[in-house]
Amino acid sequence: MTDATALPGQPRGGVLSGPATARAANVLAPNASPMTLDGTNTWIVAEPDSELAVVIDPGPLDDGHLRHVVDTAGRAGRRVALTLLTHGHPDHAEGAARFAELTGTRVRALDPALRLGDEGLGAGDVVTVGGLELRVVPTPGHTADSLSFHLPADRAVLTGDTVLGRGTTVVAHPDGRLGDYLDSLRRLRSLTVDDGVRTVLPGHGPVLEDAQGAVEYYLAHRAHRLAQVETAVEDGYRTPAEVVAHVYADVDRSLWPAAELSVRAQLEYLEEHGLIR
């Protein structure tokens, strides 16, 4: 078995559900798959002495899971006061409207179509509930509406699908764009260098103890894949499907459709920068 400390980002072992930091606890949704890993991480975030909590990404439309999130907060003596979304993919956001019914909360998101209430989320916003402070960090690339949430008191960042607890994420072309994604990774890296962020609380997979190492691994991985795609095109592989079959030959074929989205984003990036024709 590989030592977790040797893996990118130093993933934390053990059970995924439960407390992760002093202010954040995970309730794992029952939607495991090759794309969602162990399932969607639904985060309950609150100040240790507060009766109010924020829930980030209620997850799929699964009434049992949504009620379990409410009950988990209640057992800790807390009431859910606000719901936030990292992005609009169904495994993170499909249950948000039902969750709002169960909790009587507003839903704040970057995409107006996902909001319930008048307030959205944008760059520079600071969300405060019961003494808790979450800083909104735009991290487009996986999707155009992707956000992360900086939790400065725990030196942590909740990344949705921008950085996962295991493996790497998809740049979901055409909504997701590689240039945006690379900029977002650099933005997250600056949080680790300038703001002391040490921990990644991802949308899927285990907590990462080495945030800077995780982001640097992602940047290196993207650079490597981009070089592979450029070489594949030079060698005559022209269509996205051909490039995937060549470059991702060592990847489970069930993941090739997702890989093709990333390849399309990479091809678009290379064309925009004049590196291929």
Side-chain angles (χ1 to χ4, degrees), residues 12 14-32 36-110 114-117 119-121 125-136 147-161 165 199-208:
R12 185 182 299 175
V15 178
L16 293 177
S17 284
T21 67
R23 291 165 180 79
N26 181 32
V27 180
L28 183 65
N31 62 334
T36 60
L37 305 181
D38 310 273
T40 300
N41 294 334
T42 294
W43 291 101
I44 302 173
V45 191
E47 281 297 304
D49 58 353
S50 177
E51 296 179 355
L52 301 179
V54 175
V55 165
I56 298 173
D57 290 351
L61 185 55
D62 181 307
D63 217 59
H65 170 65
L66 301 176
R67 290 181 182 276
H68 183 40
V69 174
V70 176
D71 291 344
T72 300
R75 285 195 298 272
R78 297 192 174 104
R79 174 177 65 84
V80 178
L82 181 65
T83 303
L84 305 177
L85 298 177
T86 61
H87 65 296
H89 278 169
D91 57 312
H92 293 257
E94 187 181 38
R98 173 59 178 152
F99 190 71
E101 290 179 0
L102 293 172
T103 59
T105 60
R106 296 166 293 141
V107 177
R108 296 182 63 182
L110 178 61
L114 300 171
R115 301 173 190 167
L116 291 175
E119 288 187 277
L121 291 170
D125 285 351
V126 179
V127 176
T128 56
V129 172
L132 179 77
E133 179 182 298
L134 288 166
R135 300 175 184 174
V136 179
L147 299 172
S148 295
F149 297 100
H150 178 198
L151 179 56
D154 284 350
R155 295 188 176 185
V157 61
L158 298 105
T159 55
D161 283 357
T199 305
V200 173
L201 306 176
H204 302 277
V207 171
L208 298 177

For the side chain of [X] and the backbone of [Y], is there at least one donor-acceptor N/O pair under 3.5 Å apart?
X     : Y      : result
Thr40 : Gly59  : no
Arg12 : Ala20  : yes
Asn26 : Thr42  : yes
His65 : Pro58  : yes
Trp43 : Pro202 : yes

Taking C-beta and beyond as the side chain, do Leu121 and Val127 meet within less than 4.5 Å on heavy atoms? yes

His150 versus Leu134: any side-chain heavy-atom pair under 4.5 Å? no

Salt bridge between Arg67 and Asp63, side-chain N to carboxylate O under 4.0 Å? yes

Check side-chain contact (heavy atoms from CB on, under 4.5 Å) between Glu133 and all other residues, then give those that pass, not counting sequence neighbours. Val126, Arg135, Pro152

Derivation of the side-chain contact (heavy atoms from CB on, under 4.5 Å) call for Asp154 and Leu201: CA-CA 11 Å; Asp154 284 350; Leu201 306 176; over 6 Å; no

Intermediate values then yes/no, side-chain contact (heavy atoms from CB on, under 4.5 Å), Val80 and Phe99: CA-CA 10 Å; Val80 178; Phe99 190 71; 3.9 Å; yes

Taking all non-hydrogen atoms of both residues, which atom of [X] and which atom of [Y] are closest, and how far apart?
X      : Y      : answer
Val129 : Ala81  : CG1-CB, 3.9 Å
Val157 : Ser148 : CG2-CB, 4.0 Å
Asp62  : Pro30  : OD2-CG, 3.6 Å
Leu114 : Val107 : O-CG1, 3.5 Å
Ala29  : Pro60  : CB-CD, 3.8 Å
Gly95  : Leu66  : O-CD1, 3.6 Å

Show me the pairs that pass salt bridge (Lys or Arg N to Asp or Glu O under 4.0 Å) and involve residues 42-53, at least two apart or across chains. Arg23-Glu47

Can you tell me how far the [atom1] atom of [X] sits from the [atom2] atom of [Y], to the nearest 0.5 Å?
X      : Y      : atom1 : atom2 : answer
Thr86  : Leu110 : OG1   : CG    : 11.0 Å
Leu147 : Leu84  : CG    : CG    : 9.0 Å
Asp125 : Glu119 : CG    : CD    : 8.5 Å
Leu158 : Ile56  : CG    : CD1   : 4.5 Å

So, using ring pair (Phe, Tyr, Trp, His ring centres under 6.0 Å) as the criterion, who are the partners of His87 when residues are at least two apart? His89, His92, His142

Please test Ile44 against Val69 for side-chain contact (heavy atoms from CB on, under 4.5 Å), starting from the C-alpha separation and ending with a verdict. CA-CA 8 Å; Ile44 302 173; Val69 174; 4.1 Å; yes

Qualifying residue for side chain to side chain donor-acceptor pair (under 3.5 Å) with His204, from Asn31, Asp91, Asn41: Asp91

Carefully, step by step, assess Thr105 and Val54 under the rule side-chain contact (heavy atoms from CB on, under 4.5 Å). CA-CA 10 Å; Thr105 60; Val54 175; over 6 Å; no

